[in-house]
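As structure tokens, the structure follows; a few thoughts come after it.
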Amino acid sequence: MKKLVVLSAACGVGKSTIKEMLNKNNMLDNYSCIDTDEVGINWWDYSGAENESRFSDDCLTEAVRMSDNKNLFFVTCMNPYDFYGAVTIPQNITSTFFIGMSCSDEEITRRLKARPEERICGSDTFIAGQIQYNNWFRKNAGKFQFHIDNTDRTVQETAAEIAAFVKSIG
């Protein structure tokens, strides 16, 4: 039986960077830290198809499989409402915790504009959508088991605070 901890935020907030820091420094040794981008499932294979709603299910199922016998620290853009309402949680997950993360609108804009062009996330339209989503996380911060604004924190500080929360739940 496994615990599932979901780190969720808008694009550009730093989810993957935090996951990399957690892995690099082995900060969560009894968890596999896996990003949606790592599971080998391409959103565009689902987009607009009959099985579009299966994308999140398939990503989570594959991440659980990849985590083997460890608990799962799963990095995704999905918010809890969508997760609980739309995703089938694998049977071997016994408890789920959500960490919401946000940063300033200016920081999201800076980070997304700095990404390589092939990532297709530097347009004003895309950034505006991510800022709107980020504001949802800030507005609902108190509804997460843990929320962190990393605007004025280093990657190391943010990762340490998240690791401390995860360790506090076991």
Side-chain angles (χ1 to χ4, degrees), residues 4-28 31-48 52 55-56 59-60 62-63 66 72-84 86-87 96-169:
L4 170 63
V5 177
V6 180
L7 173 61
S8 187
C11 293
V13 175
K15 300 178 303 294
S16 296
T17 303
I18 295 304
K19 187 222 36 128
E20 290 170 15
M21 178 65 70
L22 292 168
N23 279 338
K24 177 182 168 189
N25 294 321
N26 198 29
M27 297 171 83
L28 297 174
Y31 281 81
S32 288
C33 300
I34 299 173
D35 193 315
T36 301
D37 295 340
E38 293 176 279
V39 299
I41 297 173
N42 187 338
W43 162 248
W44 298 111
D45 293 338
Y46 292 76
S47 180
E52 185 172 307
F55 173 76
S56 296
C59 285
L60 180 58
E62 180 60 14
M66 290 169 67
L72 176 58
F73 184 88
F74 190 52
V75 178
T76 181
C77 289
M78 189 180 300
N79 69 41
Y81 177 80
D82 290 340
F83 185 87
Y84 286 119
V87 176
T96 303
F97 303 87
F98 270 87
I99 299 172
M101 192 165 68
S102 59
C103 66
S104 71
D105 296 351
E106 296 77 19
E107 191 63 18
I108 285 180
T109 301
R110 185 187 69 73
R111 292 174 184 177
L112 292 176
K113 292 269 185 198
R115 286 185 176 177
E117 192 172 311
E118 62 268 10
R119 293 211 41 202
I120 312 170
C121 51
S123 74
D124 292 341
T125 302
F126 182 83
I127 292 170
Q130 296 310 305
I131 287 172
Q132 181 179 11
Y133 191 38
N134 183 61
N135 288 331
W136 179 90
F137 279 92
R138 288 198 300 229
K139 178 181 168 188
N140 291 285
K143 297 176 184 172
F144 289 91
Q145 285 94 358
F146 184 71
H147 178 269
I148 187 166
D149 184 317
N150 69 358
T151 303
D152 297 319
R153 290 181 171 90
T154 66
V155 173
Q156 183 66 34
E157 290 169 335
T158 304
E161 287 188 48
I162 288 173
F165 168 75
V166 173
K167 289 176 182 177
S168 77
I169 60 175

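Owing to the predicted nature of the structure, the values given are computational and were not obtained by experimental measurement. What you see below is based on every heavy atom in this structure, not just the backbone, and it leaves out hydrogens, waters and symmetry mates.
Remark: side-chain polar atoms of Thr76 are not paired, donor with acceptor, to backbone N or O of Thr36 under 3.5 angstrom. Tyr133 places a side-chain N or O within donor-acceptor distance of the main-chain N or O of Cys77, the cut-off being under 3.5 Å. Under a 3.5 Å cut-off, the side chain of Thr151 and the backbone N or O of Ser104 do form a donor-acceptor pair.
Residues satisfying the side-chain contact (heavy atoms from CB on, under 4.5 Å) criterion with Thr109, sequence neighbours excluded, are Lys113, Ile127, Ile131. In terms of the side chain to side chain donor-acceptor pair (under 3.5 Å) criterion, residue partners of Tyr46 (sequence neighbours excluded) are, by chain and number, Asp58. When the side chain to side chain donor-acceptor pair (under 3.5 Å) test is applied to Gln132, no partner is found at least two apart in sequence or on another chain. For the side-chain contact (heavy atoms from CB on, under 4.5 Å) test, no residue two or more places apart in sequence or in another chain qualifies with Asp152. In this structure, the salt bridge (charged side-chain N to carboxylate O under 4.0 Å, His left out) partners of Glu62, at least two apart in sequence or on a different chain, are Arg65. When the salt bridge (charged side-chain N to carboxylate O under 4.0 Å, His left out) test is applied to Asp149, no partner is found at least two apart in sequence or on another chain. With sequence neighbours left out, the side chain to side chain donor-acceptor pair (under 3.5 Å) criterion links Glu38 to Lys19. Checked against side-chain contact (heavy atoms from CB on, under 4.5 Å), Thr125 has the following partners two or more places apart in sequence or in another chain: Ser123. Shown here are the side chain to side chain donor-acceptor pair (under 3.5 Å) partners of Gln130, two or more places apart in sequence or in another chain: there are none. Every side-chain contact (heavy atoms from CB on, under 4.5 Å) that Ala9 has, sequence neighbours left out, goes to Val13, Lys15, Met101.
When side chains are defined from C-beta on, Leu60 counts as touching Leu4, because their heavy atoms get closer than 4.5 Å. Counting only heavy atoms from C-beta outward, the side chains of Cys59 and Met78 never approach each other to under 4.5 Å.
The CH2 atom of Trp44 sits 10.5 Å away from atom CZ of Phe55, with the distance rounded to the nearest 0.5 Å. Here Cys103 contributes atom SG and Ile108 contributes atom CD1; the two are 4.0 Å apart, rounded to the nearest 0.5 Å. Remark: Trp43 CH2 to Asp45 CG distance equals 10.5 Å, nearest 0.5 Å. The CD1 atom of Ile99 lies 11.5 Å from the OG1 atom of Thr158; values are rounded to the nearest 0.5 Å. Taking OG of Ser102 as the start and CG of Asn150 as the end, the distance is 7.0 Å to the nearest 0.5 Å. To the nearest 0.5 angstrom, Ser8 atom OG is 10.0 Å from Phe74 atom CZ.
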Taking only distance into account, with no hydrogens and no angle test, what donor-acceptor pairs under 3.5 Å do side-chain atoms of residues 20-27 form with protein atoms, sequence neighbours excluded?
unit_1 : atom_1 : unit_2 : atom_2 : d
Asn23  : ND2    : Cys33  : O      : 3.4
Asn25  : ND2    : Gln156 : OE1    : 3.4

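Val87 and Ser56 make their closest contact through CG2-CB, 3.6 Å (heavy atoms, listed as atom of the first residue, atom of the second, distance). The two residues Ala159 and Ile18 have their closest heavy-atom pair at N-CD1, 4.0 Å.
You'll find the ring centres of Phe146 and Phe165 inside the 6.0 Å limit.
Within the structure, the salt bridge (Lys or Arg N to Asp or Glu O under 4.0 Å) test picks out the following pairs touching residues 153-162 (sequence neighbours left out): Arg153-Glu161.
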Take Val75 and Asp37 through the side chain to side chain contact (heavy atoms under 4.5 Å, CB included) test and state the conclusion after the steps.
CA-CA 9 Å; Val75 178; Asp37 295 340; over 6 Å; no

